[in-house]
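First the structure, in the form of structure tokens, and then the observations on it.
Both ligands and their constituent atoms are indexed starting at 1 by order of listing.
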Amino acid sequence: MKIQVQAWDQVVDYDPASGKSLYACLVEAGLPVPGDCGGKGTCGKCRFKLLEGELSAEAYQALAGQYPLACRARPQSDLRLAFLNMERDHRILVTGDRPALAGPKRWRQVSFKLDRDLLQAGTDLETRLVQELDVPSFPAQVWQGLEIQRDQTYRAIICDDQVLALEPQLADGRIYGLAVDIGTTTLAASLIDLETGEDVSQASALNPQIQQGADVLSRISYVMTEGGRGLKQLQQAIRRAIQSLIDELCQDADCLESAVYGLSLAGNTVMTHLALGIDPRPLGQSPYLPVFRSGQQLSAKAFGLRKIPSSAQVMTLPAVSAYIGSDVVAGAYAAGFSELGKRRLLIDIGTNGEMLVQDGDRYVSCSCAAGPALEGMMISSGMKAAAGAVEECLWQDGQFDLQVIGGEDPQGLCGSGVLALIREGLRAGLISYRGRIIDPESLAPEDCRRPYLKVDDQGKRSLQVAPQVSLTQHDIRQVQLAKGAIRSGVEVLLKASQLEAEQIDQVLVAGQFGRHLAEASLIKTGLLPEGFAGRLSYIGNSSHSGAYLYLMDQEAARGLEALARRINYIELSRLEDYDRVFARASLFPKLTRK
Ligand code: FES
């Protein structure tokens with residue numbers, strides 16, 4: 001059966017005998033299907049409009065309302081459909097800011113002809129090639145299966161002075177590598193010319209492990225319950241996703257998979273463990289120990305990739321701890337954190353928040369569970385950044401002006417809209433610094449703010465800015481929990497570095513989600529300290545940038561390893577006064593009404 005999703009010009013095959021849900025089938029095909037519960041049928045985000053075709057009855061369960069859920073639906077015929085929660089920009093942010101390559105390159109290819117000069121009597125080819133190619137050794141296995149012919153030209157592929165492969169010289173002699181950011185939700189990759197450093201093509205995909213859990217903890221739990229079988233399943237899922245990215249990138253660039261000789265993988269510590277098929281359970285239990293932290297390197301054959309040369313190298317980047325992974329180290333390196341003498345902060349705001357402060361030659365990091373509220377999830381009017389979502393608002397002349405994606409009638413709040421509404425609600429005096437929505441009875445009947453305040457039958461207050469868009473007291477509490485987690489992390493790092501916020505010269509916001517949060521919202525809601533105002537910059541997918549540098553540059557590969565070892569990690573939950581810091585951090589700034 002054929003499945004076609006409006007907005008994606010791709011037709012996916014569905015095999016009814018597989019018994020898979022529509023959601024599973026599309027995710028496996030690498031499509032960014034909306035959904036936050038990993039297909040468990042609890043978030044309702046995978047609802048879709050059926051344009052053509054038939055579905056099994058269970059697609060229409062209570063949560064779905066009038067629309068079917070993709071994670072409950074089994075196609076009964078060819079389908080055409082449109083998701084309701086399709087993101088405005090479903091493209092994943094593949095790249096980020098990165099410095100130019102400066103150090104010696106890790107890769108080179110050298111051509112040589114098996115002519116009379118090379119084939120001298122009284123010696124052997126190994127000795128001659130070690131001299132000619134200036135390498136420490138020339139392993140015999142690279143000749144395996146190769147026809148050795150006089151006057152034939154060959155090329156040797158060399159990484160860090162290690163000869164990986166030997167083959168007859170081809171007309172198109174380019175060699176390629178992939179820099180991959182393995183996110184918990186998405187994978188972002190680019191194909192790179194290993195000699196010039198040129199980004200030849202880019203691709204992204206949903207992390208298929210999402211079917212086994214939306215976050216890292218649920219994936220660890222999956223392995224805890226399913227044991228070795230679950231681990232294998234998660235490893236295969238990521239391996240297949242990487243293989244599909246290789247196929248897609250090579251097709252785009254019109255090159256052969258057999259020309260791909262290197263991959264560098266950056267990701268959080270759970271993702272890199274799973275990619276290498278290493279049991280992540282120690283990461284989920286006290287004392288939260290990673291099995292490895294240093295960068296790993298293995299052959300494509302050992303990693304389990306089939307279409308690229310078996311001697312191609314797969315490298316994972318170094319990490320700091322169980323919860324500060326190689327994605328953070330990669331981002332910090334790409335943002336210049338290995339340059340000593342600076343004072344700066346790197347922050348990745350997402351369901352998990354990770355942050356790192358550099359003070360000269362000292363580095364301290366922490367991570368926190370911020371939850372999904374800042375992404376507009378678990379919020380009563382929350383939705384993805386899709387058409388109809390309020391993404392920004394302004395309290396002006398006694399009313400809220402809403403900025404809605406696609407210019408449509410407002411239908412909900414996406415993450416940036418939630419934060420903007422709280423910011424403006426605080427400014428208008430409708431929300432107190434403790435996060436309480438004010439009592440409408442405390443306002444004069446003619447007060448222009450009064451129509452925005454609602455109280456339900458049970459006395460619960462909300463702030464309603466459009467017929468279908470409101471922020472309840474419970475929503476604000478969810479945001480306060482996320483804010484408390486992130487701000488307390490920042491405060492702990494500043495204190496550990498004996499710095500005031502004003503002494504930080506640069507605040508770098510990394511990642512897919514953070515780029516949508518306006519500086520005004522981050523500062524005026526107190527998610528970040530006032531002292532950071534005017535110093536924020538958004539650096540995109542810095543994890544991918546670090547993976548690129550690690551793949552290409554010898555100095556970067558060494559520098560990343562050294563940086564990872566210099567970063568200290570603070571486990572917030574172990575701090576004695578953490579509850580007090582958290583409680584204070586969850587308050588909003590006291591603002592004056594203007
Ligand atoms: S209900 Fe969450 S993905 Fe379907």
Close approach, Ala70 and ligand 1, non-hydrogen under 4.0 angstrom = no
key: Where atom 4 (Fe) of ligand 1 is the vertex, angle from Cys71 SG to Cys46 SG to 10°   = 100°
query = Where the side chain of Asp181 meets the backbone of Ser543, is there a donor-acceptor pair that is under 3.5 Å apart?
reply = no
request  = Specify the closest pair of heavy atoms between Glu257 and Ile308, including all atoms of both residues, with the distance to one decimal.
outcome  = O-CG2, 3.5 Å
Considering only distance and modelled atom types, tabulate donor-acceptor pairs under 3.5 Å from the side chains of residues 235-242, sequence neighbours left out.
none

inquiry  = At less than 4.0 angstrom from any non-hydrogen atom of Gly41, what atoms of ligand 1 do you find?
reply    =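 The atoms of ligand 1 under 4.0 Å from a heavy atom of Gly41 are 1 (S).
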message = I'd like to check which ligand 1 atoms, numbered from 1 as shown, lie under 4.0 Å from a non-hydrogen atom of Gly39.
response = 3 (S)
Less than 3.5 Å apart, which donor and acceptor atoms pair up between the side chains of residues 405-422 and the rest of the protein, not counting sequence neighbours?
residue	atom	partner	partner atom	Å
Ser416	OG	Glu391	O	2.9

